[in-house]
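Atoms within a ligand are numbered from 1 in the order they appear, just like the ligands themselves.
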Amino acid sequence: MKFGGTSVADLDRIRHVAARVKRECDAGHQVAVVVSAMAGATNQLVKWCNDLDPLHDPREYDVVVASGEQVTTGLLAIALGKIGVKARSWQGWQVPVRTDAAHGKARVESIEGAALLADMAAGVVPVVAGFQGVAPDGRISTLGRGGSDLSAVALAAALKADRCDIYTDVDGVYTTDPRIVPRARKLERISYEEMLELASVGAKVLQTRSVELAMKYRVRVQVLSSFEDRPGTLVVDEDEIVEKLTVAGIAYSAEEAKITVRRVPDRPGVAAALFGPLAAANINVDMIVQNVGADGTTDMTFTVGRADLARTQEVLATLKDSLGYQSVLADPHVVKISAVGVGMRSHAGVAATMFRALAEKGINIQVISTSEIKVSVLVAAEYRELAVRALHTAFGLDGPEPPAKEEEE
Ligand code: ADP
Ligand code: ASP
Ligand code: MG
């Protein structure tokens with residue numbers, strides 16, 4: 001059972017989570033729990049690091065941001081003890097959850113399950129800190145934002161769990177973020193592949209790598225509400241899905257920044273000279289376009305995670321003389337909107353539908369990228385809601401108008 005930030009946001013909610021865990025134990029299940037930090041806690045910790053120095057040492061960043069989860073493991077263990085459930089907290093390094101050395105976005109390399117299994121066999125519920133592990137040099141590492149999902153799936157795989165239930169503040173995976181499209185529909189099931197693609201283009205409900213791992217180890221993941229008692233969404237193999245949609249969902253990511261390198265000499269090797277050093281600095285580049293100018297130069301436009309913007313500019317500055325470009329423009333006010341569906345493999349015209357729907361709303365497309373089951377566009381940040389809604393409608397995903405809150409009783 002994994003509980004996200006809003007599920008452990010205050011003591012009442014932690015008590016509620018404890019009761020939920022107790023119910024599973026009382027039903028005869030052996031349970032391991034993974035918790036996130038209290039809602040907002042990690043943002044605050046990240047901000048402190050950035051305020052002191054945007055180019056901080058990532059190893060110290062990890063020490064700071066991993067602390068939120070330490071608090072909630074202890075609190076939940078106390079809350080469980082209080083209602084008669086034996087429990088103890090585990091930090092990532094204690095388990096241990098071993099990761100690589102990529103501080104701030106480390107990969108899980110192995111999890112030692114023996115101690116936790118011994119706990120469970122002895123009737124003790126292990127409460128494990130999500131998001132954190134230990135790097136090869138023995139220092140604390142973190143798994144990237146939203147990484148508690150990954151902790152949960154990795155743990156489920158290591159413990160050979162029957163299920164990995166991800167409790168959150170929505171009751172499942174929807175056709176798009178239900179917070180910005182009230183007519184989004186809940187999916188009973190979604191394929192690993194579509195969930196992976198949706199997560200990778202911004203649907204925060206599951207962290208990308210957690211889905212990757214679930215797919216690899218065939219972990220049965222369920223996304224469900226920690227506040228309401230109803231079945232959630234199962235992430236399953238494609239052939240277990242009855243209702244096949246051309247587009248299964250729309251996602252957005254407001255966490256990107258657009259960089260344009262103006263007037264780079266247009267000759268073989270410039271792309272390698274530009275993107276090689278960015279890769280070496282562990283900066284992921286996402287969308288790329290190159291406009292060829294008439295005068296032997298070219299403009300290279302690409303996107304990076306906004307958190308990497310300062311570092312990207314720093315790397316580019318070191319390349320100015322060797323590359324001989326004119327200038328660098330950075331625009332953080334962009335949002336990437338994507339349509340995802342395995343049906344795209346067999347249906348033509350998805351991109352055309354998407355571009356038409358955006359054109360009808362007068363939304364200018366800045367960059368486009370596609371993959372086998374996805375089309376993404378970059379637009380100005382102010383169009384986020386309008387664009388997501390327009391596409392949700394254009395692909396026939398709208399459900400019925402939700403009832404007004406008062407009528408729900
Ligand atoms: P937690 O703190 O429990 O990990 P997150 O905030 O990381 O929760 O993820 C849940 C949020 O994901 C929801 O509140 C919702 O706004 C957002 N979300 C984005 N896309 C989707 C989607 N397609 N289906 C459901 N939720 C989504
Ligand atoms: N607390 C971490 C974050 O906010 C990890 C998580 O919640 O999954 O990113
Ligand atoms: Mg999350």
Side-chain angles (χ1 to χ4, degrees), residues 1-9 13 17 34-47 61-62 64-73 92 104-106 128-133 141-155 165-190 194-211 221-227 232-233 235 245 247-255 307 335 337-341 384-385 388 391-392 397 399:
M1 303 173 80
K2 178 260 173 177
F3 295 91
T6 41
S7 309
V8 293
R13 289 189 177 174
V17 165
V34 171
V35 286
S36 293
M38 290 178 166
T42 311
N43 287 346
Q44 175 62 258
L45 297 167
V46 170
K47 185 171 182 300
Y61 165 93
D62 277 351
V64 177
V65 302
S67 65
E69 272 72 9
Q70 176 162 342
V71 173
T72 44
T73 52
K105 42 186 162 188
V128 181
F131 187 47
Q132 43 163 279
S141 55
T142 64
L143 311 178
R145 296 305 307 271
S148 298
D149 295 331
L150 175 61
S151 308
V153 172
L155 202 60
D165 285 344
I166 307 278
Y167 289 86
T168 182
D169 57 358
V170 281
D171 62 355
V173 178
Y174 281 69
T175 48
T176 193
D177 188 345
R179 281 182 210 294
I180 65 168
V181 181
R183 295 179 67 176
R185 282 189 295 132
K186 180 171 147 189
L187 300 163
E188 239 171 81
R189 289 162 181 247
I190 185 162
E194 285 169 325
M195 191 62 243
L196 179 59
E197 198 80 36
L198 275 174
S200 77
V201 293
K204 279 195 193 148
V205 61
L206 285 178
Q207 189 231 26
T208 308
R209 284 201 204 141
S210 73
V211 188
V221 173
Q222 179 180 205
V223 176
L224 69 172
S225 165
S226 63
F227 306 111
T233 299
V235 188
L245 305 160
V247 169
I250 311 290
Y252 64 88
S253 165
E255 275 146 37
V335 61
I337 318 264
S338 309
V340 170
R384 184 189 67 162
E385 290 193 26
V388 172
L391 297 180
H392 198 261
L397 297 174

Thr175 and side chain to side chain donor-acceptor pair (under 3.5 Å): which single residue from His392, Lys186, Arg185, Arg183 fits?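 By the side chain to side chain donor-acceptor pair (under 3.5 Å) criterion, Thr175 pairs with just one of His392, Lys186, Arg185, Arg183: His392.
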Is there a polar contact, in the sense of an N or O pair closer than 3.5 Å, between Ser36 and ligand 1?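 In fact, backbone or side chain, Ser36 has no N or O that close.
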State whether the shortest distance between N or O atoms of Thr168 and N or O atoms of ligand 1 falls below 3.5 angstrom. yes
Flag for Ser141-Asp62: side-chain donor and acceptor within less than 3.5 Å: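 Distance-only check fails for Asp62 and Ser141.
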Of all the atoms in ligand 1, which lie at a distance below 4.0 Å from a heavy atom belonging to [X]?
X: Thr176; value: 22 (C), 23 (N)
X: Gly172; value: 24 (N), 25 (C)
X: Asp169; value: 10 (C), 11 (C), 13 (C), 14 (O)
X: Val173; value: 24 (N)
X: Pro178; value: 24 (N), 25 (C), 26 (N), 27 (C)

Considering all heavy atoms of both residues, which atom of [X] and which atom of [Y] are nearest to each other, and what is their separation?
X: Leu150; Y: Arg209; result: CD1-O, 3.7 Å
X: Thr233; Y: Gly172; result: OG1-CA, 3.4 Å
X: Pro178; Y: Val170; result: CG-CG1, 3.8 Å
X: Gly92; Y: Ala129; result: N-CB, 4.4 Å
X: Val340; Y: Glu194; result: CG1-O, 3.8 Å

Identify, for [atom], the protein heavy atom at the shortest distance, and state residue, atom and that distance.
atom: atom 27 (C) of ligand 1; answer: Val205 CB, 3.7 Å
atom: atom 2 (O) of ligand 1; answer: Gly5 N, 3.0 Å
atom: atom 23 (N) of ligand 1; answer: Tyr174 O, 2.9 Å

May I ask which of Asp149, Asp171, Asp177 has a heavy atom nearer to atom 18 (N) of ligand 1 than the others do?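 Checking each option, the heavy atom nearest atom 18 (N) of ligand 1 is found in Asp177.
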Are any of the heavy atoms in Lys2 under 4.0 Å away from ligand 1? yes
Is atom 6 (O) of ligand 1 close to the protein, meaning a heavy atom under 4.0 Å from it?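 Neighbour list for atom 6 (O) of ligand 1 is empty of protein heavy atoms (cut-off 4.0 Å).
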Is the backbone of [Y] close enough, under 3.5 Å, to the side chain of [X] for a donor and an acceptor to pair up by distance?
X: Gln222; Y: Gly232; result: yes
X: Thr72; Y: Ser36; result: yes
X: Thr73; Y: Val128; result: no
X: Ser253; Y: Gly202; result: no

Are the side chains of Leu196 and Thr208 in contact, using a 4.5 Å heavy-atom criterion? yes
What part of Leu198, side chain, backbone, both or neither, has a heavy atom within less than 4.0 angstrom of ligand 1?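 Within the 4.0 Å criterion, Leu198 makes no contact with ligand 1.
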Please list, by chain and number, the protein residues whose heavy atoms come under 4.0 Å of ligand 2.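 Close residues (ligand 2, cut-off 4.0 Å): Ser36, Ala37, Thr42, Glu69, Phe131, Arg145, Gly146, Gly147, Ser148.
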Please step through side-chain contact (heavy atoms from CB on, under 4.5 Å) for the pair Phe3 and Val34, ending with a clear verdict. CA-CA 6 Å; Phe3 295 91; Val34 171; over 6 Å; no
